[in-house]
2 protein chains.
Amino acid sequence: MIELFLIPRPEIERIAHASIPDSARLALIADICRVNALTAVKRAGSGHLGSSFSAMDIIVTLYYRHLNTLRVGFENPARDIFFSSKGHDVPGLYALLYALDVLSQEQLLKLRRYGGLDGHPDIGIRGLEANSGSLGMGISKGRGMAWAKRQRALGGQVYVMIGDGELQEGQNYEALRAAAHQRVGNLNVLLDHNKVQTDTLVSEIMPLGKLDELFRDFGWRVARCDGHDFAQLDAALREFATIQDQPKILIADTLKGRGVSFMEHPQALQDGNGLYRWHAGAPADAAYRAAHAELVAGINARLASLQLAPVTLEFVPPEIQARPTGFVGTNNQLFGEQESQPAPQSGPVSDEYVATAFGDALTALGAAHPELVVLDADLAADCRIRGFAQAHADRFIENGIAEQDMVSMAGGIARMGLLPVVNSFASFLAARANEQIYNNATEHTKIIYACHYAGLIPAGPGKSHQSIRDISLFGALPNVEILEPCNGVEAKWIAEYCIASAPENCAVRLVIGPSPRLITLPATYHLQRGRGAILHDGTDAVCFAYGPVMLHETLLAAEYLRTLGFGLRVINLPWLNRVDREWFADMVTPFKFLHVVEDHAPVGGLGDILLNELAATKQLDGKVFAKYGVEGFPAMGTPWEALERHRLSGARLAERILHAHDA
Amino acid sequence: MIELFLIPRPEIERIAHASIPDSARLALIADICRVNALTAVKRAGSGHLGSSFSAMDIIVTLYYRHLNTLRVGFENPARDIFFSSKGHDVPGLYALLYALDVLSQEQLLKLRRYGGLDGHPDIGIRGLEANSGSLGMGISKGRGMAWAKRQRALGGQVYVMIGDGELQEGQNYEALRAAAHQRVGNLNVLLDHNKVQTDTLVSEIMPLGKLDELFRDFGWRVARCDGHDFAQLDAALREFATIQDQPKILIADTLKGRGVSFMEHPQALQDGNGLYRWHAGAPADAAYRAAHAELVAGINARLASLQLAPVTLEFVPPEIQARPTGFVGTNNQLFGEQESQPAPQSGPVSDEYVATAFGDALTALGAAHPELVVLDADLAADCRIRGFAQAHADRFIENGIAEQDMVSMAGGIARMGLLPVVNSFASFLAARANEQIYNNATEHTKIIYACHYAGLIPAGPGKSHQSIRDISLFGALPNVEILEPCNGVEAKWIAEYCIASAPENCAVRLVIGPSPRLITLPATYHLQRGRGAILHDGTDAVCFAYGPVMLHETLLAAEYLRTLGFGLRVINLPWLNRVDREWFADMVTPFKFLHVVEDHAPVGGLGDILLNELAATKQLDGKVFAKYGVEGFPAMGTPWEALERHRLSGARLAERILHAHDA
C-alpha cells in the first residue's frame with residue numbers, strides 16, 4: 001500500500017509567521033495546501049484536483065488578506081462570505097480551511113467519508129457557506145446573500161468563485177443581469193478562468209467569447225489579472241472593496257492543475273491527446289508520488305532561498321476500515337476508486353458498467369439507424385458516448401454545460417424526424433431540464449433521455465450528484481417510459497428497445513459505477529414491456545428491485561435470508577413505470593409479503609407504481625406491502641457507508657424484510 | 001350581447017390580388033389580421049392581443065414574401081419553418097393562417113375551445129410547428145430543427161420569433177452561444193422588440209442592455225429595422241437568405257399593441273400609470289368596439305386612397321353553448337372571461353380568489369414579519385403581490401422572467417436569515433427551477449414557493465400553463481410540505497402557517513381563477529398538520545379532494561349522489577404530502593370505498609400519499625381505493641370542456657364513484 005504524507009499545521013504556522021515577503025508566504029501556503037489536497041484526494045480515492053489547484057492562489061489571497069471571517073467568526077452575521085459555485089474545487093478549500101485551523105486534520109482525512117467532508121460543498125461543514133456542485137447557481141445565490149446583507153444592513157462582502165466551463169449554464173446570464181440592475185455592489189465574483197472544463201478546453205466544447213466585454217455589457221465592473229500572481233490578486237480585490245455601487249467580477253487567468261507540471265493543462269492536454277486527465281478522480285500511486293515530490297521540492301527550494309528549513313512531512317496512517325465480518329454487504333470499489341485503496345468490504349466487484357454497455361450499443365446501433373443523434377453536455381467520457389462520437393461524428397452534438405438548451409435542441413431535432421439521445425447525469429437532466437422535457441413530450445415526438453449516475457451510489461460526490469428523484473420527475477409525464485438495466489446485457493436490450501421499438505419517449509436510468517456483481521438473467525428471459533425476471537426464488541416473500549446496485553443488495557439479502565431458512569423471491573423489474581398486469585399478478589399472487597427496494601426516494605419510485613397497480617386490481621387484501629428507498633437526502637460517503645446509513649445494504653434489507661414479517 | 005365581426009377571407013383575397021403596391025397590400029392584410037385576431041380573442045374571452053399586434057407585420061412579411069410553406073406544404077420536409085417561441089402571440093398567427101386558408105373560419109372562431117385553437121401554440125393545429133408558451137426555449141428548439149435540416153440535407157430555413165421580455169430567460173444565452181459555435185446558418189431569429197413584457201416596460205423589469213452588441217458578441221449576424229416597415233423587414237430577410245454560415249437575428253423594433261392607438265404601448269402605459277393593460281385578456285365590450293372601429297376605419301381609408309371598395313364585415317354568430325341541462329357540472333367564468341360571454345353552465349361563480357387572499361395575507365403579515373421577502377418573475381399582477389410590493393417596497397424583488405435565478409437568489413436570502421416567498425406559475429416554478437429548489441432544500445433553510453395557476457383550470461391557455469405535475473415535482477423532496485387552500489379563509493391560514501409556524505419549506509398551490517363556489521368550512525375547523533375537514537357527509541363512501549376547483553366538482557358529485565340516495569363524505573385535505581395518521585384512520589375506517597380527486601396527474605399526487613399511508617398502516621384489507629386525476633396532457637378549452645374531457649366534472653365524478661361501487 002502506498003504511503004501518504006501531508007504537511008501538518010504547525011509547519012504552516014511556522015511559515016505564516018516567518019519574516020518573509022508576503023507574496024512568498026502566500027505562495028508557500030498555497031503549495032502546501034496543494035500537497036494536502038492531493039493527499040486528501042488520494043486517500044479518499046476520488047476528488048477534483050485540477051480545479052482545486054487552479055483556484056488555490058485566489059482563495060489563499062482571499063482568506064489571508066481579505067475575508068474578515070477568521071476574525072469575526074463563521075456565525076457572525078457581519079462576516080464576509082466566500083463560496084465556490086463550481087464546488088468541485090472543494091478539496092483545495094478544505095486544505096486551506098485545515099491550514100487556517102477551521103477544519104481538523106481528522107476531518108481533512110475524512111474526505112468523502114460518511115460524517116466527514118462532502119465531495120461537493122455542504123454547509124454542514126464548518127466554514128462552508130453554500131451547497132453547490134451543480135453548476136451555474138452561484139451568482140444567483142451569492143446575489144441573494146449580498147442583497148440580504150444590504151437589506152438587513154449587515155456588513156460584509158460576498159465572494160463567489162465560478163468556473164469558466166460553468167459559464168455555459170444560462171442561469172449565469174439571468175444572474176449577471178439582475179445583479180447589475182439591482183446594483184448589488186457588495187457582490188464580488190471571482191472567475192477561475194482555467195480554460196479547461198471536464199474533458200478538454202472550454203474553447204473546444206463551447207467557447208465563451210470575449211469575457212471582459214461580456215461582463216461589462218451586462219453592467220459589471222470587470223478586472224482581470226494573473227490568477228497565480230498574489231500581488232495582482234490582492235490589488236484587484238482591494239480595488240473591488242472600494243466599489244460598492246456595482247457588482248464586480250475578477251477574471252483570474254489560471255492554469256488548471258497549477259503547481260504540478262504534468263497536471264497543468266498545457267502539458268496535460270498534450271499528454272492526453274487533447275483530453276485533460278486530472279479534472280476528477282484520484283491519481284494512481286505513481287502520479288501521486290510524482291506530484292507530491294514535485295510540490296514538496298518546490299516548497300523546499302523556496303524555503304531554502306528564504307533561509308528557512310524544509311517542511312516536515314507527516315505520515316498519514318492508512319484508513320482503518322470498518323470491515324463487516326461474516327455477512328458482506330457491499331464493496332467500496334465503485335467509481336473513482338483506484339488500485340491502492342483498500343476495499344472496506346471483501347465483496348467482489350465486477351468490471352461491468354451498464355453505462356458502457358448502453359453506450360456501446362448506441363455506437364453499434366448508429367450504423368443501422370441513421371436517424372440516431374447523440375447529444376452531450378460535457379460529460380462524454382462519463383456518459384460513455386465517446387465511441388459514438390468517434391464512429392458517427394456527424395451525428396454527435398457537443399452542447400457544453402447547458403442541459404436546458406440540449407434538451408430543447410433535441411426537441412427540435414426530433415420534430416424533424418430524427419431520434420435524439422440526450423445524455424447527462426440524471427440529477428442535472430431530469431431536474432434542471434424538466435420543463436424542457438415536458439415541452440418536448442407535449443409534441444409527441446420520441447426522445448431518449450439517458451440518465452447517467454442514477455441512484456444513491458457512488459455516494460462520495462454528495463447530494464448534488466446522487467440522483468434519487470429522477471423517477472418522480474419523469475413520473476407524471478404520460479408518455480415517457482422509465483427503464484433501468486440490471487446488467488450489460490439488459491442495457492444493450494434496452495438501448496435496442498428504445499431505439500427500434502419503443503412507442504414513446506424513454507428515460508433510461510444508468511448506474512455510473514461498476515456493477516457490484518454480474519447478474520445472470522434467466523436463459524429464457526427477454527425484455528418485455530412491463531415484465532421482469534426472477535433472479536432468486538423463494539416462497540416466503542417477493543421483492544422487486546432494479547439496477548445493479550440495489551439488485552446486488554437485494555440478492556445479498558436473499559442469500560443471507562436463505563441461510564435462515566427464509567425464501568425470498570427477487571425480481572429484476574427494469575420497467576419503472578409500466579406494469580404488465582397479467583405477469584405482475586402471477587408474480588405477486590403466491591405471496592402475502594410484497595417488498596420493493598428502490599434506488600430512489602421512497603416517494604415517486606417503482607414502489608408507488610406497483611402499489612397503485614395492486615390497488616387498481618384489488619390485489620391488496622391480506623397482503624403486506626413494504627418499500628425501502630433512500631429516505632431524506634442521500635448520504636455522502638463510501639458506498640457501504642451510504643447503503644448502511646439508509647439501511648439499504650443487504651444486511652439491513654434482510655433485517656427489514658424479516659421485521660415486516662414479524663410485525 | 002355584443003355583436004362581433006370579422007373580415008372574411010374573400011375580402012382578404014380581393015386585396016391580396018389587387019393591383020396595388022406590395023407594401024400597401026401587406027399593411028392592409030396585417031390590419032385585417034389584427035381585426036380578426038381581435039374578434040377571435042373577444043369571442044374566446046381571453047388571449048394575448050398586445051403581442052399579436054406587435055408581431056403581425058413581421059409574420060405577414062414572412063408568410064407572404066419568404067416562406068415556401070404554402071407552396072410546398074406543411075408536410076414537406078424541405079419546407080421553411082416558422083414558429084414563435086413566446087407563443088402568446090398566436091392569435092395573430094391564427095388570424096394570418098386563416099387569411100392564408102390554412103385554418104378555416106370555424107377554427108378561428110374556436111380559439112381556446114376544446115378541439116379548436118389552443119391558447120398557446122400546439123403542433124396539433126395545422127401550420128403550427130412547435131409547442132411553446134413557456135418562454136426561452138425557442139432558439140434552442142429552432143436550432144435543433146435547423147441542425148437536423150442540415151444534417152439530413154433537407155432544404156428550408158428555420159425562423160423563430162422571440163420576445164424581448166423572454167430574453168430574460170437564461171436558456172437563450174445557452175442557445176445563442178451554441179448556435180454560433182455550431183454555425184447553424186439556416187437559423188433565423190426574429191426579435192419582436194416591443195419593449196413591454198407582461199406588466200410594463202422591459203427596461204423597468206430587467207433591462208437587456210445593448211442588444212445589437214450582445215448578439216454580435218455571441219457570434220450572430222445582427223440586423224435591425226423598423227418592425228412595422230414592410231420594405232425594411234423584407235430587405236432584412238432577403239439579406240439573411242444570403243448568409244448561411246452564421247445564425248442571424250433581426251431586431252425588429254415594434255410597438256406593443258400596434259394598430260390600435262390606445263393599445264399601442266406609449267399611449268397604453270400612459271393610460272395605465274405605467275402598467276400595460278393589453279398583454280393578456282379579452283377587451284371589454286367598449287374597448288372591443290373602439291379597437292375594431294379604429295382598425296376598420298384605417299383599412300377603409302387606405303383602401304379608399306387606393307381606389308378600392310371598403311371591406312365587408314361578416315357577423316360572427318354567437319357561440320352556441322352546449323349547456324348541460326339538469327345536473328350542472330361547472331361554469332365557464334373562470335379566469336379571463338368577461339361580462340358579455342355567456343356562461344355555458346348556470347352554476348354560480350364566486351368572486352373569491354384564493355390567490356388574492358394569499359397575497360393579501362402576505363401583505364398583512366409583512367408588517368409583523370420583517371424577515372419576509374417577496375420575489376416575483378414578472379407575474380406580480382397574476383400572483384397578487386402588487387399589494388406587498390406597494391406596502392413593503394424594500395422587501396419586494398422583481399426578478400424578471402428568470403425563475404431559476406429567482407429561486408437560487410431566494411436560497412441565498414434564506415441563508416442570511418430572511419424568509420423568501422417565491423412567486424410564479426406552478427408549471428414554470430416547479431419544473432424549470434426544480435434543481436435550484438432541490439439545491440435550496442439541501443441547505444435546510446426555509447423558503448415558501450407560491451405556485452400560482454396550479455391545476456387544470458383555466459384550460460384556455462393550454463398545456464404549457466396548466467400545472468398538473470407540480471406535486472410530483474416537489475414530492476420526493478424530503479423537507480417540502482405541499483399545501484393547497486380550498487377557499488380564501490384557508491389561504492390566509494396557510495399563509496400564516498407557512499410564515500409563522502411551518503418547520504420546513506412550503507409549496508403552496510393556488511388556483512388562479514375565481515373559486516367556483518364559496519366553500520364553507522366547519523365552524524370548529526382550523527388548520528392542523530395532516531388533517532382536513534368534512535365538507536359534506538355521507539356513509540357510503542369517502543372522497544378526499546383539495547382546492548376550490550376540484551372540491552366544487554366533488555361537492556357537485558356528492559350533491560347529485562345524495563339525490564340518488566348515495567351518501568358521499570367529502571373531505572377537504574389541504575395537506576398534499578403530510579398525513580395525520582390518527583385523523584386519517586378515523587376518516588377512512590368507517591368506509592369500504594375510498595376515493596381521491598386530484599387537481600393533478602394521477603401519478604405523484606395526493607392519492608399516492610394516501611395510498612401509501614393506507615398500505616403502511618395495513619388499512620387496505622377489504623377496501624376499494626380509487627383516484628381520479630388528469631390523465632394524459634391537460635385538455636385545452638373552457639373549464640367545462642376540460643373537466644368533461646378528463647371526466648372530472650361533478651357529473652362524471654358521480655358516475656365514476658358509483659361505477660367503483662358496482663364493479
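In this text, all values refer to a predicted model and were calculated from it rather than measured experimentally. First the proteins, then the strands, lettered A, B, ... as listed; each starts at 1.
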First locate atom [atom1] of [X], then atom [atom2] of [Y], and finally report the distance between them rounded to the nearest 0.5 Å.
| X | Y | atom1 | atom2 | result |
| --- | --- | --- | --- | --- |
| B:Asp118 | A:Thr442 | CG | OG1 | 9.5 Å |
| B:Gln171 | A:Gln404 | CD | CD | 5.0 Å |
| A:Asn434 | B:Leu473 | CG | CG | 5.0 Å |

I'd like to check [X] versus [Y] (side-chain heavy atoms, cut-off strictly below 4.5 Å). Are they in contact?
| X | Y | value |
| --- | --- | --- |
| A:Leu620 | B:Phe625 | no |
| A:Arg415 | B:Ile123 | yes |
| A:Lys627 | B:Asn612 | yes |
| B:Lys141 | A:Asn440 | yes |
| A:Glu403 | B:Glu435 | no |
| B:Glu174 | A:Asn399 | no |
| B:Gln151 | A:Ile413 | no |

May I ask you to name which of [options] has the most heavy-atom pairs under 4.5 Å with chain B?
| options | result |
| --- | --- |
| A:Ala441, A:Gly124, A:Ala410, A:Ala616 | A:Ala441 |
| A:Ser140, A:Gly170, A:Pro478 | A:Ser140 |
| A:Ser408, A:Gly475, A:Pro420 | A:Ser408 |
| A:Gln182, A:Glu371, A:His600 | A:Gln182 |
| A:Met145, A:Glu398, A:Glu443 | A:Glu443 |
| A:Pro602, A:Ala430, A:Ala180, A:Ala178 | A:Ala178 |

Any idea which heavy atoms bring A:Trp147 and B:Leu418 closest together, and the distance?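 The answer is CZ3-CD1, 4.2 Å.
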Do you know the tightest heavy-atom contact between A:His181 and B:Ser203?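 The pair with the smallest heavy-atom distance is CE1-O, 4.2 Å.
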Against chain A, label [X] side chain, backbone, both or neither, depending on which of its atoms sit under 4.5 Å from a heavy atom there.
| X | value |
| --- | --- |
| B:Glu129 | both |
| B:Ala601 | side chain |
| B:Ala433 | neither |
| B:Val158 | neither |
| B:Arg150 | neither |
| B:Ile81 | side chain |

Largest heavy-atom contact set with chain A, pairs under 4.5 Å, which of [options]:
| options | answer |
| --- | --- |
| B:Leu214, B:Asp608, B:Ile397 | B:Ile397 |
| B:Gln168, B:Lys618, B:Gln436 | B:Gln436 |
| B:Met416, B:Lys149, B:Met406, B:Arg395 | B:Met416 |
| B:Leu477, B:Asn172, B:Ile609 | B:Leu477 |
| B:Asp394, B:Asn131, B:Asp621, B:Val603 | B:Asn131 |
| B:Ser464, B:Ala175, B:Gly604 | B:Ala175 |

Side chain, backbone, both or neither: which part of [X] has a heavy atom under 4.5 Å from chain B?
| X | value |
| --- | --- |
| A:Thr617 | neither |
| A:Gln619 | neither |
| A:Leu594 | neither |
| A:Ala402 | both |
| A:Arg216 | neither |
| A:Glu169 | both |
| A:Pro121 | neither |

Test B:Met137 against every option in A:Val407, A:Asp405, A:Asn439 by the side chain to side chain contact (heavy atoms under 4.5 Å, CB included) rule and name the one that passes.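 Result: among A:Val407, A:Asp405, A:Asn439, A:Asn439 is the only option passing the side chain to side chain contact (heavy atoms under 4.5 Å, CB included) with B:Met137.
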Which pairs of donor and acceptor atoms, one on a side chain in residues 206-213 of chain B, lie under 3.5 Å apart (sequence neighbours left out)?
from     : atom 1 : to       : atom 2 : distance (Å)
B:Asp212 : OD1    : B:Arg224 : NH1    : 2.6

Between B:Phe218 and A:Tyr173, what is the ring plane arrangement, given parallel below 30°, perpendicular above 60°, and tilted in between?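 Answer is perpendicular, since the angle exceeds 60°.
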Suppose we screen for ring-ring contact (aromatic ring centres under 6.0 Å, His included). Which residues come up paired with A:Phe633, at least two apart in sequence or across chains?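 With sequence neighbours excluded, A:Phe633 shows a ring-ring contact (aromatic ring centres under 6.0 Å, His included) to B:Tyr438, B:His444, given in chain and number order.
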